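Before any comments, here is the structure.
Since we're looking at a predicted model, the values are computed, not measured. All values below come from the heavy atoms of this structure, side chains included, with hydrogens, waters and symmetry mates left out.
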Amino acid sequence: MSQPLKELNERIMKDGCCLEGGILKVDSFINQQIDTRLLKLMAEEFVRRFSSLNINKILTVEASGIAPAIVVGCMMNLPVVFAKKKKPSTMGDMYHTQVLSFTKQQTYSMVVGKDFLTPSDHVLFIDDFLAFSNAAKGIVDLCQQAGATIEGMGFVVEKEFCHGREKLYRMGIPHIESLAIIESLDNCQIKLKD
């Protein structure tokens, strides 16, 4: 196991908190307060795993995916675009989809301006969590509307027991990487995959 993965797993076990309903709270180092040293290590690992792909744009979803996506974008010298969850009054033509939030149990809009996602784009999607793949499926829909190609998807934490990866493979996503994989949150106990 690489050093970034070891440190991320240790941090999840030390500071992660399981909530009822299969929710893993990591807001003390990933979602609200960000451990920038760990973030840099995670971004380096994503770059190592995806550097051989033909990518010209990083795509993410606001808000928790922005930090890792920006660091990956900086390291790969690529622009970063994030799908917004509300249409800004300044946004003109856009692609639009609806996504169900597992954590909040409500549907929200996801929009990207047509100027920022085009048929010539080869996209790497970076996000904080892969669970049921709802946000990722929204990104697939937006990329299909734009005619963009998804080359890969990277997630900081994957909840393997939610089977999101299998759904994305069935949708034709060719390359999926997760830095930490949670096998189970049964009885609010965090069980990491080795």
Could you go through the side chain to side chain contact (heavy atoms under 4.5 Å, CB included) check for L100 and Q106 one step at a time?
CA-CA 6 Å; L100 174 67; Q106 63 186 19; 5.6 Å; no

Step by step, work out the side chain to side chain donor-acceptor pair (under 3.5 Å) result for Q189 and S184.
CA-CA 7 Å; Q189 298 295 312; S184 168; over 6 Å; no

Which is it for K85 and S109 under the side chain to side chain contact (heavy atoms under 4.5 Å, CB included) test, yes or no, and what are the steps along the way?
CA-CA 5 Å; K85 292 183 180 175; S109 292; over 6 Å; no

When you look at V80 and I66, which way does the side chain to side chain contact (heavy atoms under 4.5 Å, CB included) test go after all the steps?
CA-CA 8 Å; V80 176; I66 294 174; over 6 Å; no

Determine whether C143 and L59 satisfy the following criterion, side chain to side chain contact (heavy atoms under 4.5 Å, CB included), listing intermediate values before the conclusion.
CA-CA 10 Å; C143 286; L59 186 58; 3.8 Å; yes

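Applying the ring pair (Phe, Tyr, Trp, His ring centres under 6.0 Å) test to every pair with at least one member in residues 66-85, sequence neighbours left out, gives no pairs at all. Evaluation of the salt bridge (charged side-chain N to carboxylate O under 4.0 Å, His left out) test over residues 173-185, restricted to residues two or more places apart or in two chains, returns R49-E177, E183-K191. Screening residues 56-76 for ring pair (Phe, Tyr, Trp, His ring centres under 6.0 Å) gives no qualifying pairs among residues at least two apart or on separate chains. Sorted by first then second residue, the ring pair (Phe, Tyr, Trp, His ring centres under 6.0 Å) pairs that include residues 151-189, not counting sequence neighbours, are F50-H175, F125-F155. Here ring pair (Phe, Tyr, Trp, His ring centres under 6.0 Å) pairs that include residues 15-43, with residues two or more places apart or in two chains, number zero.
Smallest separation of non-hydrogen atoms from M110 and A83: CG-CB, 3.3 Å. Between A180 and N9, the shortest heavy-atom contact is CB-OD1, 3.3 Å. Nearest heavy-atom pair, V156 versus L8, reported as atom, atom and distance to 0.1 Å: O-CD2, 3.7 Å. Taking each heavy atom of G164 and S133 in turn, the nearest pair found is O-CB, 3.7 Å.
Side chains of L117 and V81 form no contact here, defined as non-hydrogen atoms less than 4.5 Å apart. A heavy-atom distance below 4.5 Å is found between the side chains of K137 and M171. Under the 4.5 Å side-chain criterion, counting only non-hydrogen atoms from C-beta, I182 is not in contact with E160. Side-chain contact between V123 and T149: absent, with no pair of heavy atoms (C-beta onward) separated by less than 4.5 Å. Contact check for V157 versus D128: no side-chain heavy atoms found under the 4.5 Å cut-off. Side-chain atoms of M153 and V140, non-hydrogen and from C-beta on, do get closer than 4.5 Å to each other. Residues M94 and V112 are not in side-chain contact: their nearest non-hydrogen atoms beyond the backbone lie 4.5 Å or more apart. A 4.5 Å side-chain heavy-atom check between Q98 and Y108 finds every atom pair outside the cut-off.
Applying the side chain to side chain donor-acceptor pair (under 3.5 Å) criterion to D127, with sequence neighbours excluded, gives no partner residue. Listed by chain and number, the residues in a side-chain contact (heavy atoms from CB on, under 4.5 Å) with S120 are T118 (sequence neighbours excluded). In this structure, the salt bridge (charged side-chain N to carboxylate O under 4.0 Å, His left out) partners of D121, at least two apart in sequence or on a different chain, are K57. In terms of the side-chain contact (heavy atoms from CB on, under 4.5 Å) criterion, residue partners of C74 (sequence neighbours excluded) are, by chain and number, I70. With sequence neighbours excluded, no residue forms a salt bridge (charged side-chain N to carboxylate O under 4.0 Å, His left out) with E166. Remark: M75 pairs with K40, A43, E44, V47, V71 by the side-chain contact (heavy atoms from CB on, under 4.5 Å) rule, at least two apart or across chains. Scored by the salt bridge (charged side-chain N to carboxylate O under 4.0 Å, His left out) test, D186 finds no partners at all (sequence neighbours excluded).
For the atom pair NZ of K159 and CD1 of I190, the computed distance is 10.5 Å after rounding to the nearest 0.5 Å. Annotation: the span from I34 atom CD1 to D27 atom CG amounts to 11.0 Å, rounded to 0.5 Å. With rounding to the nearest 0.5 Å, the separation of CD1 in I126 from CD1 in I58 is 6.0 Å. Rounding to the nearest 0.5 Å places CG of L185 at 9.5 Å from CG of L19. Rounded to the nearest 0.5 Å, atoms OG (S64) and CD (Q32) are 9.0 Å apart. Note that CG of L5 and CD of E10 are 11.0 Å apart. Values are rounded to the nearest 0.5 Å.
For E7 and R11, the salt-bridge test fails: no basic side-chain N is under 4.0 Å from an acidic carboxylate O. Of the charged side-chain nitrogens involved, none lies within less than 4.0 Å of a carboxylate oxygen, so that E158 and K193 do not count as a salt-bridged pair.
Checking S28 against D15 by side-chain atom types alone, no donor-acceptor pair falls below 3.5 Å.
No path of Ile, Leu, Val, Met, Phe, Trp and Tyr side chains, each step under 4.5 Å between heavy atoms, connects I181 with L38, placing them in separate hydrophobic clusters.
Other residues, nucleotides and ligands contribute over 12 non-hydrogen atoms within 6.0 Å of the CG atom of N54.
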